[in-house]
Amino acid sequence: MKLDRTEEHIQDLFNRIAPVYDQMNDWLSFGSHRIWKQMAVNWSGARPGHIGLDLCCGTGDLTRLLAIKVGSSGKVVGVDFSRQLLAIAGDRQPPFTLSPAPITWVEADVLDLPFPDHYFDCATMGYGLRNVVDIPRSLKELHRVLKPGGTAAILDFHRPENAFKTFQQWYLDRIVVPVANTFGLEAEYAYLNPSLEKFPTGPQQVALAEAANFSLATHYAIAGGMMGVLVLESGG
Ligand SMILES: C/C(=C\Cc1cc(O)c2ccccc2c1O)CCC[C@H](C)CCC[C@H](C)CCCC(C)C
Ligand SMILES: C[S@@+](CC[C@H](N)C(=O)[O-])C[C@H]1O[C@@H](n2cnc3c(N)ncnc32)[C@H](O)[C@@H]1O
């Protein structure tokens, strides 16, 4: 996998935070991130028997939720370029539930997916779109591998235009970063706030999805506007 310097920087960042990634998410969102991830999977259009794809899967939270949705008659692929996070994903047992779909973990760049055109029925992407180095290319690749009529849900942070914006900035800088600092990861988590500043707004994400040939794109703000889910239909 040939990555450019910026992609290598992102890859190294997530390989460094891998040992504490899940714990930090649970602590710092008081477990709420699991609700937001379930909402994204519910909105992904995943159905029993589907072939599902989880992009930027990390430790596999959304991948496992997708596997429950598509069930034993379906199958799910989780893709990430962080070997350390994928290793944790592979070690995790799926939650005890009625036979989830089998999961295949693939180490690859979501900007250059090793899958044929129109292969997947549904897809999810949790906190990945803001971290890829080329958002338009990522959306085009997602559209390419989805079947005509395929659906997807992309969960990420969102900058609210209300009082929660001040709270979100304060919380990320004054709570998240100091906690990360106790693990020697201050710089890695300090990346969060500025990454939100550069991240496209909901309407801008919809425009980017339409430019990537999605026939329908809707952005839903959740968690007081501090998070958002972009719901897509590939059309065709
Ligand atoms: C699962 C979450 C974030 C994943 C995540 C995404 C990234 O791009 C990172 C980049 C660099 C380091 C770490 C990450 C990363 O963990 C969301 C939950 C975890 C957040 C760290 C905490 C977010 C808190 C909200 C802004 C406010 C929550 C209020 C609370 C419910 C009272
Ligand atoms: C914040 S984590 C999200 C992990 C998981 N989806 C979750 O919700 O917890 C972002 C993930 O995107 C991955 N990532 C970023 N750019 C990528 C790319 N171009 N190809 C593959 N994975 C990428 C990182 O390695 C990291 O695992």
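Side-chain atoms are counted along with the backbone in the values below, which use heavy atoms only and exclude waters and symmetry mates. Indexing begins at 1, ligand by ligand and atom by atom, following the structure's order. Remember, predicted model here, so these are calculated numbers, not experimental data.
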- [ ] Ignoring angles and geometry beyond distance, decide whether Lys37 reaches within less than 3.5 Å of ligand 2 through its nitrogen or oxygen atoms.
- [x] yes

Open item on the list: Applying salt bridge (Lys or Arg N to Asp or Glu O under 4.0 Å), can you list everything that pairs with Glu8, at least two apart in sequence or on another chain?
Closed with: none

Open item on the list: Pairs of nitrogen or oxygen atoms closer than 3.5 Å, one from Leu62 and one from ligand 2: do any exist?
Closed with: no

TODO: Using the six-membered ring wherever Trp is involved, compare the ring planes of His219 and His158 and label them parallel, tilted or perpendicular (cut-offs 30° and 60°).
DONE: tilted

Task: Closest non-hydrogen atom pair, Ser138 against Met125 - done: OG-CE, 3.6 Å

Task: Pair Gln38-Asn42, side-chain donor/acceptor within less than 3.5 Å - done: yes

Task: Protein heavy-atom partner closest to atom 20 (N) of ligand 2 - residue, atom, separation in Å - done: Val110 N, 3.0 Å

- [ ] Would you check the N or O atoms of Glu7, main chain and side chain alike, for any that come under 3.5 Å of an N or O of ligand 2?
- [x] yes

Please give the N or O to N or O pairs under 3.5 Å between ligand 1 and the protein, distances rounded to 0.1 Å.
unit_1, atom_1, unit_2, atom_2, d
ligand 1, 8 (O), Arg130, NH1, 3.0
ligand 1, 8 (O), Arg130, NH2, 2.7
ligand 1, 8 (O), Asn131, ND2, 3.0
ligand 1, 16 (O), Asn25, OD1, 2.7

Open item on the list: Please confirm whether Ala108 approaches ligand 2 to less than 4.0 Å, judged on its heavy atoms.
Closed with: yes

Open item on the list: Using a plain distance cutoff, I'd like to know if Asp80 has any nitrogen or oxygen under 3.5 Å from a nitrogen or oxygen of ligand 2.
Closed with: yes

Open item on the list: Counting non-hydrogen protein atoms only, what is the nearest one to atom 9 (O) of ligand 2? Give residue, atom name and distance.
Closed with: Tyr21 OH, 2.7 Å

